[in-house]
Amino acid sequence: MYQAPRGTQDILPADRPYWRYVTEAMHQVAGLFGFQQIDTPIFEETGLYVRGVGEGTDIVDKEMYSFQDKGGAEVTLRPEWTAGVMRAYIEHGMHVWPQPVKLYSMGPIFRYERPQAGRFRQHHQFNVEVLGEMDPAVDLEVMSVAWTLLTRLGYRGLHLQLNSTGCPVCRPAYRQALVAYFAQYEDRLNDVDRRRLTINPLRLLDSKEEAAQPLLDAAPHSADYLCEECATHLATLRTYLDAAGMQHSINFRLVRGLDYYTKTVFEVWAEGIGAQAAVCGGGRYDRLIEELGGPPTPGIGFGMGIERVIASLRQQGVQPPPLPAPRVQVSPLGEPARVAAITLVRDLRAAGIGALYGFGGRSLKSQLKGADKAGVAYTVILGDQELADNVVIVREMATGEQARLGLPDVAPWLRTRLG
RNA sequence: GUGGCCAUAGCUCAAUAGGCAGAGCAUCUGGUUGUGGCCCAGAAGGCUGUGGGUUCAAGCCCCACUGGCCACCCCA
């Protein structure tokens, strides 16, 4: 038997209210802030991601769905949004648009990972980017989109985690300080952390190894190593966050796995998705566009995992509004009536009234049972007897009250009843 | 990539100690001609994830594979 590939899932009709609720809100909030939607291809030239995300990152080294197409081109299924959006910014000369350019996207992301709670091989992200502006108010703007959205969705107990990982000017010194600090305790680190020490020392701060915990509190904080520019940027941003009423905490252990981040990094944490607390993560990437061959252009953005948002909303007991469904069923009895009902259903739908047709020539009892399950407000009974008189019986399901109506009067009558 | 737990009907789960595979829900039909929900009856639904092995006999024991859940790694 075929099964959905590992780490993928079908989004069934029963899940759809949540998806609609969440994605609608994303469009609305993005619009509220003046963001415009952009969609980029679901696959790109592999080199774009290798260059954009960075060699040495887990995503590039072991998580990409890369393959050769029939023409021999090396392509990769989108493992994150940013690189593709940057490519589009450069390709379409968006640096001549009024700056900053504010873009958002929504769609599937592919990573070859071992699935677990809140982690899949195909998941969906809401992605937001602002290009072409260094102003810390832009950092605030981006975080504010996430904050406004999550709040509007009905979240309680959100945590905004903030840090600055510096820039090419100040990061090397910090990195060195970290290495020096942990090197003196090398014998107390286990294998995983010792490997991190050489490969990516910043990630040591995020270690969950027990042996490392006592060492972390006293480890050097990036904030103490920031250059003037980065320090000012962070301080100003915090002022703005306070002004916006966005509670946040500096988490000096917040480091992110993608190479391109400079200065601001942040995550929003929520509960209910197992060990994966981050529902949203992002930061500033002031070198990326240049790295990809465009003009020097600062940028900042975040990705938000839609599956994680939905999982935690469920866990918090947030109920999405029901999806619109047909309010009327037409139940014909007998073949001539079945023919007439075809026309009636067509007319109802043309009048904007969602209508179901009673299939299969079933008994009235069976059709009413079906209408009940479908949750319609009215059932229009059209038997051969009614047809002879050119009338129908309209049954209000909630009360069981029935009315006889002339066939041409059905649509207007239902229209006023259904609003 | 590493580790732990797990896999029986569409769903949630039973099946002493290896000994004929079950229930609830859902589906379909019926309970006097054409009237739903509640109730009652019946039907359908299974190569017990796949492939090997042990045994007179395997849903149950052993191995491999596939998949799920959870954690690490990493990320959203």
Side-chain angles (χ1 to χ4, degrees), chain A residues 1-9 12 14 53 56-63 79-82 106-128 146 190-193 195-196 199-200 203 206-210 254-258 265-270 273-282 301-312 329 331-334 337 358 360-387 393-402:
Chain A
M1 246 229 300
Y2 292 112
Q3 301 174 320
R6 179 165 217 195
T8 69
Q9 55 200 324
L12 299 172
V53 178
T57 61
D58 273 21
I59 290 181
V60 167
D61 288 353
K62 44 190 198 194
E63 295 182 352
E80 59 117 45
W81 271 102
T82 302
M106 240 183 263
I109 294 294
F110 303 87
R111 289 180 201 166
Y112 186 83
E113 302 197 75
R114 188 88 176 258
Q116 71 184 71
R119 205 178 72 179
F120 312 99
R121 288 186 173 179
Q122 176 181 348
H123 77 280
H124 296 74
Q125 280 189 23
F126 170 58
N127 187 262
V128 164
N190 62 17
D191 292 348
V192 180
D193 281 338
R195 209 173 319 125
R196 277 198 262 243
I199 295 175
N200 193 349
R203 290 224 61 86
D206 198 30
S207 176
K208 283 157 194 145
E209 301 298 329
E210 221 166 286
L254 178 63
V255 289
R256 300 185 48 77
L258 282 67
V265 292
F266 69 97
E267 291 184 355
V268 180
W269 294 357
I273 36 184
Q276 328 296 322
V279 84
C280 165
F302 70 79
M304 184 178 289
I306 298 180
E307 283 83 353
R308 285 189 187 177
V309 169
I310 290 173
S312 55
Q329 171 166 303
S331 296
L333 298 166
R362 290 190 224 281
S363 68
L364 181 57
K365 173 180 182 152
S366 173
Q367 294 201 54
L368 280 170
K369 200 176 280 192
D372 188 50
K373 296 239 165 72
V376 297
Y378 294 94
T379 298
V380 177
I381 300 167
L382 178 51
D384 290 343
Q385 295 167 25
E386 286 74 23
L387 189 57
I393 294 170
V394 180
R395 179 182 180 84
E396 184 178 8
M397 297 302 282
T399 62
E401 280 172 37
Q402 300 190 162

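Everything numeric in this text was worked out from a predicted model, so none of it was measured. Within every chain, numbering begins at 1; the chains are lettered A, B, ... in the order of the sequence lines, protein sequences first and strands thereafter.
- With hydrogens and angles ignored, a donor-acceptor pair closer than 3.5 Å exists between the side chain of A:Gln385 and the base of B:G34.
- The separation between A:Gln125 atom CD and B:A76 atom P is 6 Å, rounded to whole Å.
- Checked by distance alone, A:Arg119 brings a side-chain donor or acceptor within 3.5 Å of a matching partner on the base of B:C74.
- One can find a donor-acceptor pair under 3.5 Å joining the base of B:U2 and the side-chain atoms of A:Arg114.
- Atom CG of A:Asp384 is separated from atom P of B:U33 by 17 Å (rounded to the nearest Å).
- Across all strands shown, A:Glu113 has heavy atoms under 4.0 Å from base atoms, whether or not it also approaches the sugar-phosphate.
- Electrostatic pairing of A:Asp372 and A:Lys369 does not count as a salt bridge here, judged by no charged N lying under 4.0 Å from a carboxylate O.
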When you compare the protein's N or O atoms with those of nucleotides 37-44 of chain B, which come within less than 3.5 Å of each other, and at what distance?
from, atom 1, to, atom 2, distance (Å)
B:G37, O4', A:Asp372, OD2, 3.1

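- Residues A:Arg114 and A:Arg6 have side chains in contact (heavy-atom distance under 4.5 Å, counting atoms from C-beta outward).
- A gap of 38 Å separates the C1' atoms of B:A76 and B:C63, to the nearest Å.
- For a distance-only test at 3.5 Å, the side chain of A:Gln329 fails to qualify as a donor-acceptor partner of the base of B:G36.
- A side-chain donor-acceptor contact under 3.5 Å links A:Glu307 to the backbone of A:His124.
- Atom P of B:C47 sits at a distance of 8 Å from the matching atom of B:G10, rounded to the whole Å.
- Distance check on atom C1': B:A14 versus B:A23 gives 7 Å, rounded to whole Å.
- The nearest whole Å value for the distance from the CG atom in A:Leu368 to the P atom in B:G30 is 13 Å.
- Across the protein-nucleic acid pair, A:Asp206 atom CG and B:C75 atom C1' stand 10 Å apart, rounded to whole Å.
- B:C20 and B:U50 have their C1' atoms separated by 25 Å, given to the nearest Å.
- Residue whose closest nucleotide on RNA chain B sits further toward the 5' end, between A:Ser207 and A:Gly282: A:Ser207.
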Start with the C-alpha gap between A:Cys280 and A:Phe266, add the side-chain angles, then the distance that decides, and say whether side-chain contact (heavy atoms from CB on, under 4.5 Å) holds. CA-CA 8 Å; A:Cys280 165; A:Phe266 69 97; 4.2 Å; yes

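- The main-chain N or O of A:Asp193 is found under 3.5 Å from a side-chain atom of A:Asn190 such that the two form a donor-acceptor pair.
- Here B:A76 presents its C1' atom at 14 Å from CH2 of A:Trp81, a figure rounded to the nearest Å.
- For the P atoms, the distance from B:C60 to B:G24 is 25 Å, rounded to whole Å.
- You'll find that the side chain of A:Arg6 is closest to B:G68, out of B:G68, B:U35, B:G30.
- Residues A:Met397 and A:Leu368 approach most closely at CE-O, 3.9 Å, considering heavy atoms.
- The closest donor-acceptor contact from the side chain of A:Arg395 to the backbone of A:Thr379 lies at 3.5 Å or more, if one exists at all.
- With hydrogens and angles ignored, the 3.5 Å screen pairs a side-chain donor or acceptor of A:Asn127 with a backbone N or O of A:Phe302.
- No contact: A:Arg195 has no heavy atom under 4.0 Å from any strand.
- In this structure, the CH2 atom of A:Trp269 is 14 Å from the P atom of B:C75, given to the nearest Å.
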Does A:Glu80 form a side-chain contact (heavy atoms from CB on, under 4.5 Å) with A:Arg111? I'd like the steps, not just the answer. CA-CA 9 Å; A:Glu80 59 117 45; A:Arg111 289 180 201 166; 4.0 Å; yes

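- A distance-only check finds no donor-acceptor pair linking the side chain of A:Glu401 to the backbone of A:Glu396 [under 3.5 Å].
- One can place CG of A:Leu364 at 13 Å from P of B:U29, the figure rounded to the nearest angstrom.
- Across B:C61 and B:G19, the matching P atoms stand 11 Å from one another, rounded to whole Å.
- Checking B:A76, B:C70, B:C28 against every side-chain atom of A:Gln116, the shortest atom distance belongs to B:C70.
- A distance of 12.0 Å separates CE in A:Met106 from CD in A:Gln125, rounded to the nearest 0.5 Å.
- A:Ile306 comes within 4.0 angstrom of no nucleic acid atom, judged by non-hydrogen atoms across all strands.
- Side-chain N or O atoms of A:Arg121 include one that pairs as donor or acceptor with a backbone N or O of A:Glu113 at under 3.5 Å.
- Considering only side-chain atoms of A:Gln402, the nucleotide from B:U35, B:C74, B:G67 that sits closest is B:U35.
- Nucleic acid contact class of A:Gly7 (heavy atoms, under 4.0 Å, all strands): sugar-phosphate only.
- In this structure, of B:C74, B:A71, B:G34, it is B:A71 that holds the atom nearest to the side chain of A:Ala117.
- A:Phe302 comes within contact range of no nucleotide atom at all, as no heavy-atom separation falls under 4.0 Å.
- Distances shown here put every side-chain N or O of A:Arg203 at or beyond 4.0 Å from the OP1 or OP2 atom of B:C73.
- The residue among A:Gln3 and A:Glu267 whose nearest nucleotide of RNA chain B is located toward the 5' end is A:Gln3.
- Among the protein residues, A:Ile109 comes within range of no part of the nucleic acid, since none of its heavy atoms lies under 4.0 Å from any strand.
- Going from the C1' atom of B:A44 to that of B:G4 covers 40 Å, rounded to whole Å.
- Under the 3.5 Å distance criterion, the side-chain polar atoms of A:Gln367 are matched with a main-chain donor or acceptor of A:Pro332.
- Residue A:Ser331 places none of its side-chain N or O atoms closer than 4.0 Å to OP1 or OP2 of B:U35.
- Candidate nucleotides B:G68, B:G34, B:U29 were compared by shortest atom distance to the side chain of A:Arg362, and B:U29 ranks first.
- When the P atom is used for both B:A9 and B:G45, the distance is 15 Å, rounded to whole Å.
- A donor-acceptor contact under 3.5 Å is formed by the side chain of A:Arg308 with the base of B:C75.
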Dot-bracket for RNA chain B, please, read 5' to 3', with Watson-Crick or G-U wobble pairs under 3.5 Å on both distances, ( ) within the strand, [ ] crossing, | other strand, . unpaired. (((((((..((((.....[..)))).(((((.......))))).....(((((..]....))))))))))))....

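- The nearest whole Å value for the distance from the CD atom in A:Glu307 to the P atom in B:C75 is 18 Å.
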